[in-house]
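What follows is a short report on a single structure.
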Protein chains: 2
Amino acid sequence: MTSTAPRRGRRPGAPDTRAAILVAARELFAASGFAGTTIRAVAAAAGVDAALVHHYFGTKDDLFLAALEVRVDPRVVLAPVADGGVDGAGERLLRVFLSVWDDEDTRLPLLGIFRGIVEPTGAQLARDGFMRMVLGPLAAALGIDEPEQRMALVASQLVGIVVLRYIVQVEPLASMPGDRLVATYAPTLQRYLDGPLQ
Amino acid sequence: MTSTAPRRGRRPGAPDTRAAILVAARELFAASGFAGTTIRAVAAAAGVDAALVHHYFGTKDDLFLAALEVRVDPRVVLAPVADGGVDGAGERLLRVFLSVWDDEDTRLPLLGIFRGIVEPTGAQLARDGFMRMVLGPLAAALGIDEPEQRMALVASQLVGIVVLRYIVQVEPLASMPGDRLVATYAPTLQRYLDGPLQ
DNA sequence: GGAGTTATTCACCATATGTTGAATTATGCT
DNA sequence: AGCATAATTCAACATATGGTGAATAACTCC
């Protein structure tokens, strides 16, 4: 019988093990958060020794940061939302939101970021930063009044969708087609953006 | 100088150390979740040796369950919401929601439960159970159509409020007076309960 | 084909964590 | 006063974890 156990030393061929580790890290951080993910679990998921994770990505914090890298520039993605003015901005925002969250490649890092924000582990900077970097500019571009409050309302609805649709995966929200979801939530977001505040 | 270090053995007086441990556990689980909370941290917060935590509450899972005990019966609290029928149910639901979440005694266990649901650690039963125990009966009492979907919409907004107001504590939501919050969100919930679905 | 570089694993280390059992002190009952 | 019981800490164990350094194997380039 031929031994299938991984021998020591470099493997034959040109496997992109670094990428495999990154994929595994994204999935685990997205599923279990920072504290709940161990380097050894990442290594096991990538079929690799734990030391190799350190070899490629230094400390665990570094790996977390690398796994959280989103290849989406919020300003670019949000531009079409802001361009059309306030009218219909709720619906356009929802479409952009879904295009990013329904794509697994972007969802996994975003889930990691979300878990990082919800966890208490030194994500203080993310807490403020997210508002200021994503929703703040959008509010400015839309030129709405009381931007902090309106954006907090918008965020509260979007965050709820994230939790129920992507984390807890409550039906029928988890399987609802994007168009239907947009149609359902657009009036809410639109009211938060330009409706009466109370 | 008199030694203030805790000597060995039973302490004089009748301190309710068990209760102190439970309070500390509630706060830490609420703030840091299950994985992020260590028995030693709970013990330190209660000014007690770690072994005493085990003495009173067995394993860490047992302590978690004990800390999550909510002294609120959902059926009792939700009764007035359901009694008035669908009209104004959104506003009444929000008032009950705030009365429970703005009270620290009930908020801490609820935060623990929430973190348990969001964390992946075997909270599968909580995921379904919460819907079926809290929102399901409410939907039945209100006699609305498509209860699963409407309740998921309601939950998505309420969960978003929990995250922004009580966990991340985003202003101005975190400090917003209850009345204002009710007035702001009531139309949304009411539409989810009896408005058109798309 | 030999030298250097890179990829990969193994064997450890220090620390943290959940948990247990014995030892010590106070309280309560008789 | 004396004894059982409860409360509390100490010491320790087994395990898991993040991290490091050396050893081994494959690849690259001359």
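Quick note: numbers below take in every heavy atom, side chains included, and nothing from hydrogens, waters or symmetry partners. Within every chain, numbering begins at 1; the chains are lettered A, B, ... in the order of the sequence lines, protein sequences first and strands thereafter.
- Ring orientation note: the planes of Phe29(B) and Phe34(B) are close to parallel, at an angle under 30° on the 30°/60° scale.
- At a threshold of 4.0 Å, the pair Arg150(A)-Asp194(A) does not count as salt-bridged, since none of the basic side-chain nitrogens sits closer than that to a carboxylate oxygen.
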Bracket string, DNA chain D, 5' to 3' - pairs by Watson-Crick or G-U geometry under 3.5 Å, | interstrand: ||||||||||||||||||||||||||||||
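- When distances are taken from the side chain of Ala51(B) to each of dA7(D), dT20(C), dT9(C), the shortest belongs to dT20(C).
- In the set dT8(D), dG19(D), dT19(C), dG19(D) carries the atom at the smallest distance from any side-chain atom of Ile39(A).
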What pairs of nitrogen or oxygen atoms, one from the protein and one from nucleotides 12-16 of chain D, lie under 3.5 Å apart?
none

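- Atom NE2 of His55(A) is separated from atom P of dT6(C) by 9 Å (rounded to the nearest Å).
- Of the listed nucleotides (dC10(D), dT19(C), dG18(D)), dC10(D) has the atom at the smallest distance from the side chain of Asp49(B).
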Take Tyr185(A) and Leu153(B), measure what side chain to side chain contact (heavy atoms under 4.5 Å, CB included) needs, and give me the verdict at the end. CA-CA 9 Å; Tyr185(A) 282 107; Leu153(B) 299 181; 3.1 Å; yes
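- Each of Ile39(A) and Leu108(A) belongs to its own hydrophobic cluster when Ile, Leu, Val, Met, Phe, Trp and Tyr are linked at side-chain heavy-atom distances under 4.5 angstrom.
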Might you work through the side chain to side chain contact (heavy atoms under 4.5 Å, CB included) test for Lys60(B) and Val42(B), ending with a clear yes or no? CA-CA 11 Å; Lys60(B) 187 184 178 183; Val42(B) 171; over 6 Å; no
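- For the pair Thr59(A) and dG18(D), the criterion of a side-chain N or O lying under 4.0 Å from OP1 or OP2 is not met.
- An OP1 or OP2 oxygen of dT8(C) is reached within less than 4.0 angstrom by a side-chain nitrogen or oxygen of Tyr56(A).
- Using a cutoff of 4.0 Å between basic side-chain nitrogens and carboxylate oxygens, Arg95(B) and Asp102(B) are not scored as salt-bridged.
- Contacts of Leu52(A) with the nucleic acid, taken as non-hydrogen atoms under 4.0 Å apart, include base atoms.
- The listed nucleotides are dT9(C), dG18(D), dG21(C); the one nearest the side chain of Val48(A) is dT9(C).
- No hydrogens or angles considered: a donor-acceptor pair under 3.5 Å links the side chains of Tyr192(B) and Thr188(A).
- Here CD of Gln157(A) is found 11.0 Å from CG of Leu93(A). Values are rounded to the nearest 0.5 Å.
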